[in-house]
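Data block below; observations after.
All values reported here derive from a predicted model rather than from experimental measurement.
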There are 2 protein chains.
Amino acid sequence: MFNHSLETLFMSEAEKTKKQFVVESAARLFRDKGYSATSMRDLAQAVDLKASSLYNYIQSKSEILREICFANAHRFIESMTQVEQLSGNAREKIEVLLRLHIQVATQDVTSVMAFNDEWRHLEEPFLSEFVALRRDYENRFRAIIEQGMRNGEFKVMDSSIPLFTLFSAVRWIHDWYKPNRSITSAELENEVIRLLLEGIQEF
Amino acid sequence: MFNHSLETLFMSEAEKTKKQFVVESAARLFRDKGYSATSMRDLAQAVDLKASSLYNYIQSKSEILREICFANAHRFIESMTQVEQLSGNAREKIEVLLRLHIQVATQDVTSVMAFNDEWRHLEEPFLSEFVALRRDYENRFRAIIEQGMRNGEFKVMDSSIPLFTLFSAVRWIHDWYKPNRSITSAELENEVIRLLLEGIQEF
DNA sequence: CCTACCGATCGGTAGG
DNA sequence: CCTACCGATCGGTAGG
């Protein structure tokens, strides 16, 4: 299991804050250029340090990616656990999960990057561990979809299709959304949900 | 404007075939590991050559990416030109375009990779040129959506939402689809189209 | 937190 | 199509 690296336990509050700053700056670079194309010199420049000084806060480039990926995997899985306990029907559960995906995309650069794009650069054994967490999340999402199909709430089809279509359908938001857009994040959320649940067609 | 590099004009048919093999192998590696994480030594190994020998077929790593990206941009734009000349309504045009996106995702590794993920590693001035082509395609797709909204065919909303949601919604297919899956590519196409046009909800 | 520096690997070339 | 090799850059360390 993943847990916070040992040395984090021995860091002062100020050092933890600085570490967070380094990790978040890295996330932004990984999103913009990709993990492999981001050098430690790029990151150092972004946080106004020399490359060697980064290693006072982090152990390695791969550790940064690892922390981002697993923090987000755990966040999504915790949300899933809460959603599973809701009393609502499948449609309501899917709506809550989609709203979570959209909110996180508009608010946190690390989330979509970690969950969609850069996790493949994790090294073993972390890659396998991450893939297992991701698969767990997918399977639980799929179970809700299949429940909705049996209920007659959802159209019946191969469950992989709505599963991956819904996941992917919100992927553009984290690239596109900026807080100064004419649309608020709440409006965006409502319209994307409506589009996915009811389709683009007007009846 | 992009055109085939000069030396391609002086290559024999066999050399062109080999070049195509190199480029397609590169596309597969770029899709699997990303452009930056793919070394010319990786590519050489994939085509059973030494790294230096690759340069008999291609000029540089960046040239490979450039050819893949622009070949696909032009293909999508040509299809758009054909679709615009159809007599159908907006819904039919969008359906044709979505079917194109899905078909290409199940049949050609280069397409989605180029159009979604790795084009950002293009160098100037090609990056700007590619972005302009992509924007042209988006704008023409958007025009069809807006026509459909005015017609009453589509739900009325900020046109960026259906535009990018539809683009993204088919992105998972090229990672997921393998010809030996239980679902045929035609079935997949029909179900994805139905989901996006009519929504996941059963009425 | 920096200067100085390491071995490894990168894309690519010379010459045959 | 290969061997041999180049300068640049990579992630990271030693020592202060």
**Asked** How are the rings of B:F70 and B:F126 set to each other: parallel, tilted or perpendicular (split at 30° and 60°)?
**Response** perpendicular
**Ring geometry between A:W119 and A:F130 (parallel below 30°, tilted from 30 to 60°, perpendicular above 60°)** = parallel
**Item:** Taking every non-hydrogen atom, the tightest pair across B:R142 and B:S159
**Value:** NH1-OG, 2.9 Å
Separation of [X] atom [atom1] from [N] atom [atom2], in whole Å?
X	N	atom1	atom2	value
B:H121	C:dG11	NE2	P	13 Å
A:E63	D:dG11	CD	P	15 Å
A:K61	D:dT13	NZ	P	15 Å
A:K19	C:dC1	NZ	P	15 Å

**Prompt:** Does any nucleotide pair with C:dA14 by Watson-Crick or G-U wobble geometry, both distances under 3.5 Å, and what is it?
**Reply:**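 By the stated definition (distances under 3.5 Å), D:dT3 pairs with C:dA14.
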**Under 3.5 Å side-chain donor-acceptor pair for B:R171 and A:N116** =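 Looking only at side-chain atoms, A:N116 and B:R171 do not form any donor-acceptor pair under 3.5 Å.
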**Prompt:** Which ones in residues 37-46 of chain B lie close to DNA chain C, meaning a heavy atom under 4.0 Å from one of its atoms?
**Reply:** B:T38, B:S39, B:M40, B:R41
**Prompt:** Pick one: which of A:V47, A:T17, A:V23, A:L49 meets side-chain contact (heavy atoms from CB on, under 4.5 Å) with A:Y57?
**Reply:** A:L49
**Asked** Between A:F167 and A:H101, does the ring centroid distance fall short of 6.0 Å?
**Response** yes
**Prompt:** A:S62 near the nucleic acid: base, sugar-phosphate alone, or nothing, with a heavy-atom cut-off under 4.0 Å?
**Reply:**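 The residue A:S62 makes no contact with any strand.
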**Message:** Regarding A:L54, tell me which of base, sugar-phosphate or nothing describes its non-hydrogen contacts under 4.0 Å with the strands shown.
**Reply:**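 Counting heavy atoms under 4.0 Å across all strands, no contact is made by A:L54.
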